[in-house]
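A short worksheet on the structure shown next.
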There are 2 protein chains.
Amino acid sequence: MSKAEATRSDILRRALELIYKQGYQATSIDDILVTTQVTKGAFYYHFRNKEEMGIALIDEAMQDEIWPLIEKSLSASPNFRDNIYEMIKGLLFEQPFLTVEHGCPAVNLIQEMAPLNDAFRMALIKSLNKWKRAIEAEIIRGQQAGQLDTTHDAKQIALNVITLYHGVRNMGKLLGKPYYISFLKEFRRYLDILN
Amino acid sequence: MSKAEATRSDILRRALELIYKQGYQATSIDDILVTTQVTKGAFYYHFRNKEEMGIALIDEAMQDEIWPLIEKSLSASPNFRDNIYEMIKGLLFEQPFLTVEHGCPAVNLIQEMAPLNDAFRMALIKSLNKWKRAIEAEIIRGQQAGQLDTTHDAKQIALNVITLYHGVRNMGKLLGKPYYISFLKEFRRYLDILN
DNA sequence: GACATAACATACTAATTGGTATGTTGCAAA
DNA sequence: TTTGCAACATACCAATTAGTATGTTATGTC
(Lines give C-alpha, C1' and ligand atoms only; values in the text may rest on other atoms or scores of the structure.)
Protein backbone atom coordinates (compact mmCIF):
# COMPACT_ATOMS: atom_id res chain seq x y z
CA MET A 1 0.00 0.00 0.00
CA SER A 2 1.45 3.35 -1.04
CA LYS A 3 1.70 6.21 1.42
CA ALA A 4 -1.16 8.02 -0.26
CA GLU A 5 -3.39 4.95 -0.01
CA ALA A 6 -2.45 4.67 3.64
CA THR A 7 -3.50 8.26 4.27
CA ARG A 8 -6.79 7.71 2.53
CA SER A 9 -7.68 4.56 4.39
CA ASP A 10 -6.55 6.11 7.65
CA ILE A 11 -8.99 8.94 7.09
CA LEU A 12 -11.76 6.45 6.36
CA ARG A 13 -11.05 4.32 9.42
CA ARG A 14 -10.92 7.24 11.81
CA ALA A 15 -13.96 8.83 10.21
CA LEU A 16 -15.85 5.59 10.65
CA GLU A 17 -14.92 5.55 14.31
CA LEU A 18 -16.11 9.10 14.88
CA ILE A 19 -19.26 8.78 12.80
CA TYR A 20 -20.05 5.53 14.55
CA LYS A 21 -19.93 7.29 17.90
CA GLN A 22 -21.34 10.70 17.06
CA GLY A 23 -23.37 10.31 13.89
CA TYR A 24 -22.52 11.45 10.39
CA GLN A 25 -23.96 14.93 10.50
CA ALA A 26 -22.55 15.61 13.94
CA THR A 27 -19.04 14.64 12.91
CA SER A 28 -17.20 17.58 11.41
CA ILE A 29 -14.36 17.31 8.95
CA ASP A 30 -12.22 19.17 11.46
CA ASP A 31 -13.00 16.42 13.98
CA ILE A 32 -11.62 13.90 11.54
CA LEU A 33 -8.57 16.01 10.78
CA VAL A 34 -7.67 16.39 14.44
CA THR A 35 -7.77 12.67 15.18
CA THR A 36 -6.01 11.65 11.97
CA GLN A 37 -3.33 14.33 12.12
CA VAL A 38 -4.10 14.92 8.47
CA THR A 39 -4.52 18.40 7.09
CA LYS A 40 -7.49 19.82 5.26
CA GLY A 41 -5.55 19.90 2.03
CA ALA A 42 -4.88 16.18 2.24
CA PHE A 43 -8.51 15.43 3.04
CA TYR A 44 -9.83 17.35 0.06
CA TYR A 45 -7.19 15.84 -2.15
CA HIS A 46 -8.58 12.37 -1.45
CA PHE A 47 -12.29 13.26 -1.32
CA ARG A 48 -14.27 15.84 -3.26
CA ASN A 49 -16.43 16.56 -0.23
CA LYS A 50 -17.83 15.10 2.96
CA GLU A 51 -20.52 13.14 1.15
CA GLU A 52 -18.05 11.37 -1.13
CA MET A 53 -16.06 10.34 1.92
CA GLY A 54 -19.23 9.05 3.56
CA ILE A 55 -20.01 6.88 0.56
CA ALA A 56 -16.44 5.55 0.42
CA LEU A 57 -16.72 4.79 4.10
CA ILE A 58 -19.79 2.63 3.50
CA ASP A 59 -18.32 0.89 0.46
CA GLU A 60 -14.90 0.23 1.96
CA ALA A 61 -14.20 0.76 5.65
CA MET A 62 -17.53 -0.54 6.91
CA GLN A 63 -17.43 -3.64 4.76
CA ASP A 64 -13.86 -4.43 5.78
CA GLU A 65 -14.86 -4.24 9.41
CA ILE A 66 -17.66 -6.80 9.48
CA TRP A 67 -17.42 -8.89 6.35
CA PRO A 68 -14.63 -11.23 7.51
CA LEU A 69 -16.72 -12.28 10.50
CA ILE A 70 -19.81 -12.85 8.39
CA GLU A 71 -18.02 -15.01 5.85
CA LYS A 72 -16.20 -16.95 8.50
CA SER A 73 -19.23 -17.73 10.63
CA LEU A 74 -21.43 -18.62 7.67
CA SER A 75 -19.08 -21.40 6.66
CA ALA A 76 -17.95 -22.59 10.07
CA SER A 77 -20.23 -25.58 10.60
CA PRO A 78 -22.36 -27.90 8.45
CA ASN A 79 -25.43 -26.78 10.42
CA PHE A 80 -26.93 -23.65 8.90
CA ARG A 81 -28.73 -22.79 12.15
CA ASP A 82 -25.47 -22.78 14.07
CA ASN A 83 -23.85 -20.63 11.43
CA ILE A 84 -26.53 -17.96 11.35
CA TYR A 85 -26.74 -17.97 15.12
CA GLU A 86 -22.98 -17.60 15.45
CA MET A 87 -22.96 -14.83 12.87
CA ILE A 88 -25.40 -12.74 14.91
CA LYS A 89 -23.69 -13.64 18.16
CA GLY A 90 -20.34 -12.73 16.66
CA LEU A 91 -21.62 -9.39 15.41
CA LEU A 92 -23.10 -8.59 18.80
CA PHE A 93 -20.28 -9.78 21.04
CA GLU A 94 -17.06 -10.43 19.22
CA GLN A 95 -16.41 -7.26 17.30
CA PRO A 96 -13.91 -5.28 19.37
CA PHE A 97 -14.70 -2.21 17.34
CA LEU A 98 -18.40 -2.22 18.29
CA THR A 99 -20.06 -1.50 21.61
CA VAL A 100 -23.56 -2.02 22.93
CA GLU A 101 -24.13 1.64 23.63
CA HIS A 102 -23.21 2.79 20.14
CA GLY A 103 -24.81 -0.10 18.31
CA CYS A 104 -23.85 -0.91 14.73
CA PRO A 105 -22.46 1.70 12.33
CA ALA A 106 -24.44 0.36 9.39
CA VAL A 107 -27.70 0.36 11.30
CA ASN A 108 -26.96 3.85 12.60
CA LEU A 109 -26.18 5.21 9.16
CA ILE A 110 -29.34 3.73 7.69
CA GLN A 111 -31.35 5.38 10.41
CA GLU A 112 -29.71 8.75 10.03
CA MET A 113 -28.90 9.08 6.36
CA ALA A 114 -31.18 6.86 4.28
CA PRO A 115 -34.00 9.42 4.28
CA LEU A 116 -31.72 12.40 3.71
CA ASN A 117 -29.37 11.37 0.93
CA ASP A 118 -29.94 9.20 -2.11
CA ALA A 119 -26.30 8.31 -2.61
CA PHE A 120 -26.10 7.09 0.98
CA ARG A 121 -29.29 5.11 0.58
CA MET A 122 -28.01 3.40 -2.56
CA ALA A 123 -24.71 2.48 -0.95
CA LEU A 124 -26.48 1.18 2.14
CA ILE A 125 -28.93 -0.87 0.08
CA LYS A 126 -26.04 -2.42 -1.80
CA SER A 127 -24.36 -3.31 1.47
CA LEU A 128 -27.58 -4.70 2.91
CA ASN A 129 -28.23 -6.82 -0.16
CA LYS A 130 -24.78 -8.33 -0.01
CA TRP A 131 -25.44 -9.45 3.53
CA LYS A 132 -28.96 -10.61 2.70
CA ARG A 133 -27.73 -12.75 -0.19
CA ALA A 134 -25.08 -14.36 1.99
CA ILE A 135 -27.64 -15.34 4.63
CA GLU A 136 -30.05 -16.48 1.96
CA ALA A 137 -27.44 -18.71 0.36
CA GLU A 138 -26.69 -20.28 3.72
CA ILE A 139 -30.38 -20.97 4.33
CA ILE A 140 -30.74 -22.57 0.89
CA ARG A 141 -27.70 -24.69 1.63
CA GLY A 142 -29.44 -25.78 4.82
CA GLN A 143 -32.54 -26.67 2.84
CA GLN A 144 -30.54 -28.68 0.33
CA ALA A 145 -28.84 -30.49 3.20
CA GLY A 146 -32.25 -31.45 4.55
CA GLN A 147 -31.98 -29.23 7.63
CA LEU A 148 -34.94 -27.04 6.74
CA ASP A 149 -38.21 -27.59 4.94
CA THR A 150 -38.04 -26.26 1.38
CA THR A 151 -41.44 -24.61 1.77
CA HIS A 152 -39.76 -21.86 3.74
CA ASP A 153 -38.86 -18.73 1.83
CA ALA A 154 -35.12 -18.22 2.26
CA LYS A 155 -35.38 -14.57 1.26
CA GLN A 156 -37.99 -13.91 3.91
CA ILE A 157 -36.03 -15.62 6.64
CA ALA A 158 -32.90 -13.72 5.69
CA LEU A 159 -34.79 -10.45 5.96
CA ASN A 160 -36.24 -11.52 9.32
CA VAL A 161 -32.78 -12.18 10.66
CA ILE A 162 -31.55 -8.78 9.53
CA THR A 163 -34.64 -7.06 10.89
CA LEU A 164 -34.08 -8.67 14.27
CA TYR A 165 -30.45 -7.58 14.19
CA HIS A 166 -31.46 -4.00 13.49
CA GLY A 167 -34.00 -4.11 16.27
CA VAL A 168 -31.68 -5.52 18.89
CA ARG A 169 -28.93 -3.06 18.00
CA ASN A 170 -31.35 -0.22 18.64
CA MET A 171 -32.92 -1.67 21.77
CA GLY A 172 -29.48 -2.44 23.14
CA LYS A 173 -28.79 1.27 23.30
CA LEU A 174 -31.45 1.53 25.98
CA LEU A 175 -31.31 -1.86 27.67
CA GLY A 176 -27.62 -2.67 27.52
CA LYS A 177 -25.77 -5.95 27.23
CA PRO A 178 -28.18 -8.06 29.31
CA TYR A 179 -30.73 -7.55 26.58
CA TYR A 180 -28.31 -8.86 23.97
CA ILE A 181 -28.06 -12.07 25.99
CA SER A 182 -31.77 -12.60 26.40
CA PHE A 183 -32.29 -11.70 22.76
CA LEU A 184 -29.79 -14.31 21.65
CA LYS A 185 -31.71 -16.98 23.55
CA GLU A 186 -34.91 -15.98 21.80
CA PHE A 187 -33.11 -15.88 18.48
CA ARG A 188 -31.94 -19.45 18.92
CA ARG A 189 -35.50 -20.47 19.73
CA TYR A 190 -36.68 -18.73 16.57
CA LEU A 191 -34.18 -20.67 14.45
CA ASP A 192 -35.03 -23.97 16.10
CA ILE A 193 -38.76 -23.52 15.65
CA LEU A 194 -38.33 -23.35 11.87
CA ASN A 195 -39.01 -26.97 10.95
CA MET B 1 -54.97 26.48 27.09
CA SER B 2 -53.40 29.87 27.64
CA LYS B 3 -51.59 31.66 24.84
CA ALA B 4 -48.23 30.91 26.43
CA GLU B 5 -49.05 27.22 26.67
CA ALA B 6 -50.08 27.29 23.04
CA THR B 7 -46.76 28.83 22.03
CA ARG B 8 -44.88 26.21 23.99
CA SER B 9 -46.72 23.25 22.56
CA ASP B 10 -46.50 24.74 19.08
CA ILE B 11 -42.73 24.86 19.44
CA LEU B 12 -42.70 21.24 20.59
CA ARG B 13 -44.90 20.01 17.76
CA ARG B 14 -42.94 21.76 15.04
CA ALA B 15 -39.65 20.75 16.59
CA LEU B 16 -40.81 17.15 16.64
CA GLU B 17 -41.66 17.39 12.97
CA LEU B 18 -38.26 18.78 12.06
CA ILE B 19 -36.28 16.47 14.32
CA TYR B 20 -38.24 13.52 13.00
CA LYS B 21 -37.21 14.40 9.45
CA GLN B 22 -33.68 15.70 9.96
CA GLY B 23 -32.46 14.32 13.25
CA TYR B 24 -31.99 16.12 16.56
CA GLN B 25 -28.45 17.33 16.10
CA ALA B 26 -29.07 18.42 12.53
CA THR B 27 -32.09 20.49 13.49
CA SER B 28 -31.05 23.96 14.55
CA ILE B 29 -33.00 26.19 16.87
CA ASP B 30 -33.18 28.70 14.06
CA ASP B 31 -34.85 26.03 11.92
CA ILE B 32 -37.52 25.68 14.57
CA LEU B 33 -37.94 29.43 14.93
CA VAL B 34 -38.47 29.92 11.21
CA THR B 35 -41.19 27.28 10.92
CA THR B 36 -42.96 28.29 14.11
CA GLN B 37 -42.75 32.06 13.50
CA VAL B 38 -41.62 32.28 17.11
CA THR B 39 -38.68 34.46 18.10
CA LYS B 40 -35.56 33.37 19.89
CA GLY B 41 -36.61 35.25 23.00
CA ALA B 42 -39.84 33.27 23.18
CA PHE B 43 -38.01 30.00 22.66
CA TYR B 44 -35.56 30.63 25.46
CA TYR B 45 -38.32 31.84 27.70
CA HIS B 46 -40.00 28.44 27.49
CA PHE B 47 -36.86 26.27 27.43
CA ARG B 48 -33.52 26.73 29.15
CA ASN B 49 -31.69 25.24 26.17
CA LYS B 50 -32.03 22.87 23.24
CA GLU B 51 -31.59 19.79 25.42
CA GLU B 52 -34.43 20.70 27.75
CA MET B 53 -36.69 21.16 24.75
CA GLY B 54 -35.62 17.76 23.44
CA ILE B 55 -36.55 16.10 26.70
CA ALA B 56 -39.91 17.88 26.81
CA LEU B 57 -40.48 16.74 23.26
CA ILE B 58 -40.00 13.10 24.27
CA ASP B 59 -42.10 13.39 27.42
CA GLU B 60 -44.95 15.31 25.84
CA ALA B 61 -45.23 15.75 22.09
CA MET B 62 -44.02 12.28 21.15
CA GLN B 63 -46.28 10.54 23.65
CA ASP B 64 -49.31 12.54 22.54
CA GLU B 65 -48.69 11.52 18.97
CA ILE B 66 -48.71 7.74 19.32
CA TRP B 67 -50.25 6.87 22.67
CA PRO B 68 -53.90 7.26 21.64
CA LEU B 69 -53.44 4.67 18.90
CA ILE B 70 -51.68 2.24 21.23
CA GLU B 71 -54.35 2.44 23.91
CA LYS B 72 -57.15 2.20 21.40
CA SER B 73 -55.78 -0.81 19.54
CA LEU B 74 -54.80 -2.69 22.71
CA SER B 75 -58.41 -2.68 23.91
CA ALA B 76 -60.20 -3.03 20.60
CA SER B 77 -60.92 -6.75 20.56
CA PRO B 78 -61.08 -9.62 23.05
CA ASN B 79 -58.31 -11.37 21.13
CA PHE B 80 -54.90 -10.24 22.36
CA ARG B 81 -53.24 -11.40 19.15
CA ASP B 82 -55.51 -9.20 17.06
CA ASN B 83 -54.87 -6.25 19.33
CA ILE B 84 -51.11 -6.47 19.24
CA TYR B 85 -51.16 -7.06 15.51
CA GLU B 86 -53.43 -4.07 14.95
CA MET B 87 -51.26 -1.92 17.18
CA ILE B 88 -48.18 -2.58 15.04
CA LYS B 89 -50.16 -2.30 11.83
CA GLY B 90 -51.66 0.96 13.03
CA LEU B 91 -48.27 2.38 13.96
CA LEU B 92 -46.87 1.41 10.58
CA PHE B 93 -49.74 2.45 8.34
CA GLU B 94 -52.30 4.62 10.06
CA GLN B 95 -50.28 7.43 11.57
CA PRO B 96 -50.59 10.33 9.14
CA PHE B 97 -47.67 12.04 10.83
CA LEU B 98 -45.28 9.18 10.09
CA THR B 99 -43.79 8.04 6.79
CA VAL B 100 -41.93 4.94 5.73
CA GLU B 101 -38.85 6.87 4.65
CA HIS B 102 -38.45 8.72 7.93
CA GLY B 103 -39.40 5.84 10.17
CA CYS B 104 -40.48 6.43 13.75
CA PRO B 105 -39.36 9.47 15.75
CA ALA B 106 -38.87 7.46 18.94
CA VAL B 107 -36.77 4.81 17.20
CA ASN B 108 -34.76 7.53 15.48
CA LEU B 109 -34.09 9.42 18.69
CA ILE B 110 -32.99 6.27 20.49
CA GLN B 111 -30.57 5.55 17.70
CA GLU B 112 -29.15 9.04 17.59
CA MET B 113 -29.25 10.30 21.15
CA ALA B 114 -29.26 7.38 23.59
CA PRO B 115 -25.47 6.99 23.45
CA LEU B 116 -24.78 10.72 23.54
CA ASN B 117 -26.94 12.10 26.30
CA ASP B 118 -28.02 10.59 29.60
CA ALA B 119 -31.09 12.76 29.99
CA PHE B 120 -32.32 11.68 26.58
CA ARG B 121 -31.63 8.06 27.37
CA MET B 122 -33.59 8.22 30.61
CA ALA B 123 -36.56 9.90 28.96
CA LEU B 124 -36.50 7.35 26.14
CA ILE B 125 -36.28 4.42 28.54
CA LYS B 126 -39.26 5.76 30.45
CA SER B 127 -41.21 6.03 27.23
CA LEU B 128 -40.16 2.55 26.11
CA ASN B 129 -41.13 1.02 29.45
CA LYS B 130 -44.56 2.56 29.30
CA TRP B 131 -45.14 0.91 25.94
CA LYS B 132 -43.58 -2.36 27.09
CA ARG B 133 -45.84 -2.54 30.13
CA ALA B 134 -48.92 -1.89 28.03
CA ILE B 135 -48.07 -4.75 25.67
CA GLU B 136 -47.14 -6.99 28.57
CA ALA B 137 -50.46 -6.35 30.28
CA GLU B 138 -52.31 -7.22 27.09
CA ILE B 139 -50.37 -10.48 26.77
CA ILE B 140 -51.11 -11.40 30.36
CA ARG B 141 -54.76 -10.65 29.74
CA GLY B 142 -54.57 -13.03 26.78
CA GLN B 143 -53.04 -15.67 29.00
CA GLN B 144 -55.74 -15.25 31.63
CA ALA B 145 -58.37 -15.53 28.91
CA GLY B 146 -56.86 -18.84 27.87
CA GLN B 147 -55.57 -17.54 24.54
CA LEU B 148 -51.92 -18.16 25.31
CA ASP B 149 -50.03 -20.74 27.33
CA THR B 150 -48.96 -19.31 30.68
CA THR B 151 -45.50 -20.78 30.30
CA HIS B 152 -44.69 -17.95 27.94
CA ASP B 153 -42.88 -14.97 29.42
CA ALA B 154 -45.05 -11.93 28.74
CA LYS B 155 -42.12 -9.56 29.30
CA GLN B 156 -40.01 -11.36 26.74
CA ILE B 157 -42.74 -11.39 24.13
CA ALA B 158 -43.40 -7.70 24.69
CA LEU B 159 -39.72 -6.97 24.13
CA ASN B 160 -39.70 -9.14 21.01
CA VAL B 161 -42.60 -7.17 19.58
CA ILE B 162 -40.86 -3.86 20.22
CA THR B 163 -37.58 -5.18 18.84
CA LEU B 164 -39.33 -6.24 15.66
CA TYR B 165 -40.95 -2.82 15.40
CA HIS B 166 -37.59 -1.11 15.74
CA GLY B 167 -36.12 -3.39 13.13
CA VAL B 168 -38.86 -2.92 10.58
CA ARG B 169 -38.83 0.85 11.02
CA ASN B 170 -35.15 0.87 10.19
CA MET B 171 -35.32 -1.62 7.33
CA GLY B 172 -38.27 0.25 5.88
CA LYS B 173 -35.99 3.20 5.25
CA LEU B 174 -34.15 1.09 2.70
CA LEU B 175 -36.84 -1.25 1.43
CA GLY B 176 -39.92 0.97 1.50
CA LYS B 177 -43.60 0.19 2.04
CA PRO B 178 -43.60 -3.23 0.36
CA TYR B 179 -41.39 -4.45 3.15
CA TYR B 180 -43.85 -3.23 5.76
CA ILE B 181 -46.48 -5.39 4.11
CA SER B 182 -44.41 -8.55 3.96
CA PHE B 183 -43.21 -7.91 7.50
CA LEU B 184 -46.77 -7.68 8.76
CA LYS B 185 -47.54 -11.09 7.30
CA GLU B 186 -44.54 -12.57 9.08
CA PHE B 187 -45.51 -10.79 12.28
CA ARG B 188 -48.97 -12.33 12.18
CA ARG B 189 -47.35 -15.73 11.69
CA TYR B 190 -45.12 -15.10 14.70
CA LEU B 191 -48.12 -14.28 16.89
CA ASP B 192 -50.06 -17.30 15.67
CA ILE B 193 -47.21 -19.71 16.28
CA LEU B 194 -47.19 -18.84 19.98
CA ASN B 195 -49.36 -21.62 21.34
C1' DG C 1 19.67 16.14 -11.90
C1' DA C 2 15.77 18.48 -14.19
C1' DC C 3 10.95 18.33 -14.23
C1' DA C 4 6.21 17.21 -13.73
C1' DT C 5 2.82 16.01 -10.99
C1' DA C 6 0.98 13.60 -6.98
C1' DA C 7 0.43 14.47 -2.31
C1' DC C 8 0.02 17.25 0.83
C1' DA C 9 0.03 22.13 4.00
C1' DT C 10 -1.75 26.79 5.42
C1' DA C 11 -4.68 30.52 5.46
C1' DC C 12 -8.76 32.05 4.62
C1' DT C 13 -14.12 32.74 3.94
C1' DA C 14 -19.12 33.14 4.31
C1' DA C 15 -22.68 30.86 6.58
C1' DT C 16 -24.52 28.73 10.57
C1' DT C 17 -24.46 27.32 15.36
C1' DG C 18 -26.35 27.62 20.46
C1' DG C 19 -26.77 30.96 23.55
C1' DT C 20 -27.03 35.79 25.85
C1' DA C 21 -28.04 40.67 26.84
C1' DT C 22 -31.14 43.87 26.70
C1' DG C 23 -34.79 45.44 25.28
C1' DT C 24 -40.43 45.87 24.64
C1' DT C 25 -45.31 44.59 25.12
C1' DG C 26 -49.58 42.83 27.02
C1' DC C 27 -52.42 41.65 30.86
C1' DA C 28 -53.95 40.79 35.57
C1' DA C 29 -54.19 42.39 40.21
C1' DA C 30 -54.21 46.40 43.43
C1' DT D 1 -55.15 53.52 36.15
C1' DT D 2 -50.92 52.45 37.63
C1' DT D 3 -47.66 48.83 38.33
C1' DG D 4 -45.32 44.46 38.10
C1' DC D 5 -44.15 40.63 35.86
C1' DA D 6 -45.12 37.07 32.35
C1' DA D 7 -44.37 36.65 27.64
C1' DC D 8 -42.24 37.79 24.24
C1' DA D 9 -38.81 40.63 20.50
C1' DT D 10 -34.22 42.23 18.65
C1' DA D 11 -29.50 42.55 18.33
C1' DC D 12 -25.65 40.62 19.16
C1' DC D 13 -21.51 37.12 20.01
C1' DA D 14 -17.81 33.67 19.87
C1' DA D 15 -17.28 29.21 18.09
C1' DT D 16 -17.86 26.03 14.55
C1' DT D 17 -19.11 24.57 9.87
C1' DA D 18 -17.95 22.83 4.86
C1' DG D 19 -15.34 24.26 1.50
C1' DT D 20 -11.66 27.04 -1.35
C1' DA D 21 -7.44 29.36 -2.89
C1' DT D 22 -2.95 29.19 -2.96
C1' DG D 23 0.71 27.71 -1.54
C1' DT D 24 4.84 23.90 -0.64
C1' DT D 25 7.09 19.34 -0.69
C1' DA D 26 7.95 14.69 -1.94
C1' DT D 27 8.54 11.22 -5.61
C1' DG D 28 8.81 8.80 -9.65
C1' DT D 29 10.40 9.29 -14.64
C1' DC D 30 13.40 10.62 -18.19
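As a basis for the values below, the full set of heavy atoms in this structure was taken, side chains included, without hydrogen atoms, waters or symmetry mates. Residue numbering restarts at 1 for every chain, and letters A, B, ... go by the order of the sequence lines.
- Between B:W131 and B:Y165, the ring-plane angle classifies as perpendicular under the 30° and 60° cut-offs.
- One finds no side-chain N or O of A:T7 lying less than 4.0 angstrom from the OP1 or OP2 phosphate oxygen of C:dA7.
- When rounded to the nearest whole Å, the span between CG of B:L33 and P of D:dA7 equals 18 Å.
- Remark: the A:N160 side chain and the A:Q156 side chain contain an N/O donor-acceptor pair separated by less than 3.5 Å.
- Ion pairing between A:E60 and A:R8 holds under the 4.0 Å rule for side-chain N and carboxylate O.
- The two residues B:G172 and B:Y180 come nearest to each other via the heavy atoms CA-CE1, 3.9 Å.
- For B:T39, whose side chain is taken as the heavy atoms from C-beta onward, the closest listed nucleotide among D:dA9, D:dA7, C:dA7 is D:dA9.
- Put simply, CZ on A:F43 is 12 Å from P on D:dT20, counting in whole angstrom units.
- Straight-line distance from the CD atom of A:Q22 to the P atom of D:dT16: 13 Å, rounded to whole Å.
- Close to D:dC8, at under 4.0 Å from its OP1 or OP2, lies no side-chain N or O of B:Y45.
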Seminar exercise, completed: Letter by letter from the 5' end, nucleotides 12-29 of chain C scores (B base, S sugar-phosphate only, - none; protein heavy atoms under 4.0 Å) -----BBBB---------

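- At distances below 3.5 Å, not a single donor-acceptor pair connects side-chain atoms of B:Q147 with backbone N or O atoms of B:R81.
- The distance between atom CZ of B:F47 and atom P of D:dC8, rounded to the nearest whole Å, is 11 Å.
- The main-chain N or O of B:L159 is found under 3.5 Å from a side-chain atom of B:T163 such that the two form a donor-acceptor pair.
- For an aromatic pair to be called close, the ring centres must be under 6.0 Å apart, and A:Y190 with B:Y190 fails this.
- Looking at residues two or more places apart in sequence or on another chain, you find no salt bridge (charged side-chain N to carboxylate O under 4.0 Å, His left out) involving A:R133.
- Straight-line distance from the CZ atom of A:R8 to the P atom of C:dA6: 16 Å, rounded to whole Å.
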For this session: Tell me, with the steps shown, if A:T151 and A:D149 meet side-chain hydrogen bond (donor to acceptor under 3.5 Å, both in side chains).
Result: CA-CA 5 Å; A:T151 56; A:D149 202 296; 2.8 Å; yes

Seminar exercise, completed: Under a 4.0 Å heavy-atom criterion, the protein footprint on nucleotides 25-30 of chain D, written with B, S and -, is ------

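- The phosphate of D:dC8 (OP1 or OP2) has a side-chain N or O of B:H46 nearer than 4.0 angstrom.
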